[in-house]
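Step one of this worksheet: look at the structure below.
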Amino acid sequence: HRLSFRPQGLFSGESGEATTILTPGVAAKVGLLIGSLCIVSYLLINGHFPQGVSLGDSLLFSVAAFCFGVVCLYFSVSVTAAGLLLSPLFIPLLKLFSWIKRKFGKDKSTLDFKWQRIGLLSVFFGLCGVAIIYFIAHSNPIEHLPLIVLPLFQYIVYTAFSEQNSKVKAARQADLELGELKSLKKIRAMMAALLILTPILMGGVTSDLLQAAMSVAQIRIEKATILVKQPFADLLPEPKDSPLPDYKTFEQATVVFRGIGDSTLIEVRTPQTAIRLEVPNDSIIIERRGKLLAKVDKRAETTEN
């Protein structure tokens, strides 16, 4: 017998129920849920549990979680669209694999992958996905091999999702029993969850996505210049003099987590050691002189001219 996989709906440019599965409201809820879970995972990985969380901190957490969820959804959608965009290259390989399996295996079923018209959305997000994969993996392709083959997996799962979505539509038109329809919808939801979560969990870039999202939200700051008040400064390596009394300066430090709770987690590295320390917010100052000096220099040049 023949199993046909025909992408349709969300990315192919065809109308259908698949286009309405991820509505803005659902996307916002899914993004908030994924972002919250990822931020909690980030805190667990770094062993930091914010204390003294206020109502404003809770709002900041929700905003950061939503932003990170949007980043994760964008990454998943882009990688899936990259698989559809590259499907003309994948389909011959999949057909060859199907022929070998049918020729030498006991299972004689045929996997019939047919390339459908690719919509404008799949082209846009697909190009973004290819660019993301290249940017991350080009320096070390072997290490990022799971990310490179991920579009192929996403293409297979998405075609199966499209087939399941067609079954749901056919079941509604045939007025099947409510239990059977719920079962079909449950399988479709599981496939949708697999589409969203697989790139995040199995792409080998989970930590990179976490750190990038935290940096964009300014919760994590790399290569920061910080001023730490004594006695906390005495616990960190290689302190330098500070223009402020009772403070010491540390350059090239990493602010691992800040903005939520009454303490900030920092990390100071040396060639020999790396020390992490939770510092009360009123005992740390984060300098941002680079951008300010650039603006001052421009104004000075304008004044001189």
With side chain to side chain contact (heavy atoms under 4.5 Å, CB included) as the test, would you mind laying out the steps for Glu287 and Leu227 before giving the verdict?
CA-CA 7 Å; Glu287 287 191 357; Leu227 282 71; 2.9 Å; yes

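Within the 3.5 Å criterion, the main-chain N or O of Ala160 finds no donor-acceptor partner in the side chain of Asn165. Although no hydrogens or angles enter the test, the distance criterion places no donor-acceptor pair under 3.5 Å between the side chain of Gln164 and the main chain of Met191.
Side-chain contact between Leu244 and Asp246 is absent, with no heavy-atom pair separated by less than 4.5 Å. The closest side-chain heavy-atom distance from Arg220 to Val256 is below 4.5 Å. Lys185 is not listed as a side-chain neighbour of Met190, based on a closest heavy-atom distance of 4.5 Å or more. Proximity of Val255 to Ile226: side-chain heavy atoms (C-beta onward) are separated by under 4.5 Å at one or more points. Side-chain contact between Glu251 and Lys240 is present, with at least one heavy-atom pair separated by less than 4.5 Å.
Criterion: ILVMFWY side-chain heavy atoms under 4.5 Å apart, direct or through other members. Under it, Leu265 and Leu44 are part of a common hydrophobic cluster. Follow the hydrophobic side-chain contacts under 4.5 Å out from Phe135 and you reach Leu150 in the same cluster. Hydrophobic clustering (ILVMFWY, side-chain heavy atoms < 4.5 Å, transitive): Val157 and Leu89 are in one cluster. If you chain together hydrophobic residues whose side chains sit under 4.5 Å apart, Ile221 and Ile284 fall into the same group. Leu43 and Val279 fall into different hydrophobic clusters, where Ile, Leu, Val, Met, Phe, Trp and Tyr residues are linked whenever their side-chain heavy atoms come under 4.5 Å apart, directly or through other members.
To the nearest 0.5 Å, atom CD1 of residue Ile219 and atom CZ of residue Arg258 are 8.5 Å apart. For the atom pair CD1 of Ile187 and CZ of Phe161, the computed distance is 12.5 Å after rounding to the nearest 0.5 Å. Between His48 atom NE2 and Glu278 atom CD the span is 5.0 Å, to the nearest 0.5 Å. Between atom OG of residue Ser162 and atom CZ of residue Arg188 there is a gap of 11.0 Å, rounded to the nearest 0.5 Å. To the nearest 0.5 Å, atoms CZ (Phe250) and OG (Ser242) are separated by 10.0 Å. The distance from atom CZ of Phe125 to atom OG1 of Thr80, rounded to the nearest 0.5 Å, is 11.0 Å.
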Hey, can you pull the donor-acceptor pairs under 3.5 Å for the side chains in residues 66-76, sequence neighbours left out?
{"unit_1": "Ser76", "atom_1": "OG", "unit_2": "Cys72", "atom_2": "O", "d": "3.2"}
{"unit_1": "Ser76", "atom_1": "OG", "unit_2": "Ile196", "atom_2": "O", "d": "2.6"}

Which atom pairs, one a donor and one an acceptor, fall under 3.5 Å between side chains of residues 228-238 and the rest of the protein, sequence neighbours left out?
none

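Between Ser122 and Leu85 the shortest heavy-atom distance is O-CB, 4.4 Å. Considering all non-hydrogen atoms of both residues, Thr159 and Ile156 come closest at OG1-O, 2.6 Å. Among all heavy-atom pairs drawn from Thr198 and Gln154, the shortest one is CB-OE1, 3.7 Å. For the residue pair Ser78 and Cys128, the shortest heavy atom distance occurs at OG-CB, 4.1 Å.
Between His138 and Tyr134, the two ring planes are parallel [angle under 30°; tilted spans 30° to 60°].
With a 6.0 Å radius and a threshold of 12 heavy atoms from other residues, nucleotides or ligands, Arg276 has its CZ atom above the threshold.
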